[in-house]
Q: 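Below: one structure in structure tokens.
In what follows, every heavy atom counts, from backbone to side chain, and hydrogens, waters and symmetry copies are set aside. For reference, positions follow the sequence shown, starting with 1.
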Amino acid sequence: MKLHPSHWLFALKLYLAIMLAYVISARMGLAQTYWTVVTCCVVMNPMSGAMRSKAVYRFCGTLCAGVVSLTLASFLSQAPVLMLACVGLVASAAFGASLLDRTPRSYGIQLMGITLMIIAVPAVDAPDTLFDQMVTRSCEIGLAILCCTVVDSILMPRSLGPTVRTRMGGWLKDMERWIDEAFSGRQADAAATQDRIRVLGDISSLSVLASQLRYDPLVTRKERRTAFCLQARLLHLVPLLYGIASRVADAGPRLQAALRKPLGDAARSAHAGRPADRSLPDRIMELEPEPGDAPEWRRLVQENLAEMSESTLNTWAEIRRFERAYTHKEALPSELAKEVKLARTFTLRPDVYLATRVFLGCLLTFTLLALFWAATGWSSGSLMLFQAVVILAFCGGSDVADLAILATGRIVVIALAAAGIMSYGLLPLAKDLTSFAFVMALFIFPAGAWTAKNPIGILITAIAFSSINFQRSYAPYSFDVFLDACVANLVGVFVAFTCVKLVRSMGAKHAVERLLWTGRRDIARLTRHSTPRERDSYLNRSLNRIGLLAERMSGTADPEQGQRIMRGMRAGACVADLRYYGNRTEGELRKSLERLLAAFRTELNQSAFTDRLRARIDETLSTAWGLGIRSARDPFLRSLVSLRLVLFEFSEAWRPVP
């Protein structure tokens, strides 16, 4: 494993923070010195923004857990069994709720559950010690956070800004290529579609970094909000580009050749950051349809294409301006500058299914092990209980949670082996502070350098230091006590593995099917009721699903899956518009629309839409045409045209029926 100098710099920062926190804690006479060491291992991060955000959420989670534990003790101090049950219920709820927030803030919610179990479970028979435990833990964690912040601020703080800038450059190159392909009418194959879905997942991931950027000392608020504006614009382009590609591809060869020059000129202008040529819609509309083509249909398609092209190019020009403002500090026009001041990141929607399953898994694990602990009186029962619930909380949301727990079990074994080496091999050699510092350096420097390259190292070092009797004066646990704790840890891993298999299904394929089913359910709801806000919310949820699907696409055997996902998102947006604008219609047009939406709901779960649905769309188009609605600039007719092109891209042209 090749290590970069930056990895060793991180190891040095971790070592200095641990030693500083340990020495101060020991001199202050705090009771649980190892908490400062473990907190430094967990909080320290190669990126300053990530480290500071994690520190804030960890401290807030600790304080909240203290308040909850004291509240429970004040009501249930005379009923230890009931108090233990309430602790399990609240901790499980916290672990489940942490999955509802798909940003680093979820760490604070997880820490509330973890801290509640650490201080409340062992104290169910002695609730009078809870206040002292809470104060001690808060002081030691606060001390560790302060030491990490000081060391990171002095020793070359690293910013997420260059990472975001590099990602942004990659997004813009991909999107520029996408625009050129869409305007030329080149339809993406299955592999290209999956690549685009992965790009969209990466763009959505900026929302995960948002909390870390907020605490990054080297990223200004203006830069952060400019990045959010650029993210929103890029995601807004997605349905537009797919719509344009289908309309250009649907045109005949002569029309495609005629469209290539105006669209190509407009794209090059937008790539340079200039607004779209205002004459572009007129130039598109001047093109004559193919000989023998259906002129009414071709006219509608060209009107739709003109409007979407103008919107796409104006959006792309704004994206270029935001990019120059972020990278080159160029001034923005007043309207865009005002938007930057109000910018918010793209909201990542929660996965309620996973949150519920993790809650149930944690609650089941807690209940079974609490009963086992009560029945056996095992001295390490609280450790077993803690290990099982926490492992399930952290790994239960994975598509392959069972395999993730097994992998964590292997990490626990490695960490316990490292703890044994430290406890009975290295630390007994430390006779004073100097020799102690040397012994710690032997362990922390290689572990810290590895952690900078592989986050698994954080877990190993944290578990190892948690398993050592790390107090002001070191005295190792008797070996039988250490072995008892090791067995308790491994039993906890086994029970977590068993319980997660009982509460949820595993595998990327199952996750993809569940997300696709959720998308179909959303579209079915839109056929019954829709507003502009619900349409935007649907698009946000769809883009969220694409982000969730991006990392799972390689696990599916169907190469056409990506194209169906994008087609479904576009169809849902068309249905939402159709439902909303159709509410203003009446008479025969309204009846025809209801028949169309009913047919759409019927075929929504089928593998492919049938000619029966296309006939319903054509019937509604003919009805609208007969009532004088003959321009695609009319939102109702535009929605019908878009839906037909999405679902039946290369079918024969529509012709009005008298």
Q: Please identify which of these residues, V164, V219, L213, meets the side-chain contact (heavy atoms from CB on, under 4.5 Å) condition with S159.
A: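 The passing option is V219.
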Q: Is K54 reaching over with its side chain to a backbone N or O of R105, donor-acceptor style, under 3.5 angstrom?
A: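 The answer is no, because no donor-acceptor pair under 3.5 Å joins these two groups.
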Q: Tell me, yes or no, whether the heavy-atom count around F438 atom CZ, taken from other residues, nucleotides or ligands under 6.0 Å, exceeds 12.
A: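 At most 12 heavy atoms, drawn from other residues, nucleotides or ligands, come within 6.0 Å of this atom.
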Q: Is it the case that the side chain of S435 and the backbone of D432 share a donor-acceptor pair, with hydrogens and angles ignored and the cut-off at 3.5 Å?
A: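 Flag set: sc S435 to bb D432 pair under 3.5 Å.
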Q: Given R52 and S153, is the side chain to side chain donor-acceptor pair (under 3.5 Å) satisfied, shown in steps?
A: CA-CA 10 Å; R52 297 185 185 196; S153 300; 2.7 Å; yes
Q: Would you say the side-chain atoms of W373 pair up with the backbone N or O of L385, donor to acceptor, closer than 3.5 Å?
A: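 Judged by distance alone, no pair lies under 3.5 Å.
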Q: For the CZ atom on F443, are there more than 12 heavy atoms of other groups (residues, nucleotides or ligands in this structure) within a distance under 6.0 Å?
A: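 Counting other residues, nucleotides and ligands, CZ of F443 exceeds 12 neighbours.
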Q: Let me know which of L383, L416, V412 forms a side-chain contact (heavy atoms from CB on, under 4.5 Å) with C486.
A: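 With C486 as partner, side-chain contact (heavy atoms from CB on, under 4.5 Å) holds for just one option, L416.
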Q: Should the ring pair F482 and Y424 be called parallel, tilted or perpendicular, given that the plane angle runs from 0 to 90° and is split at 30 and 60?
A: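 Correct class here is perpendicular.
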Q: When you measure from the side chain of Y15 to the backbone N and O of A437, does any donor-acceptor pair fall under 3.5 Å?
A: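 Yes; judged by distance alone, with no hydrogens or angles, the pair exists.
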Q: Any donor-acceptor pair under 3.5 Å linking the side chain of Q231 with the backbone of I203?
A: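 Flag set: sc Q231 to bb I203 pair under 3.5 Å.
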Q: Check the pair K431, F436 against side-chain contact (heavy atoms from CB on, under 4.5 Å), reporting the backbone distance first and the verdict last.
A: CA-CA 7 Å; K431 305 301 181 182; F436 173 72; over 6 Å; no
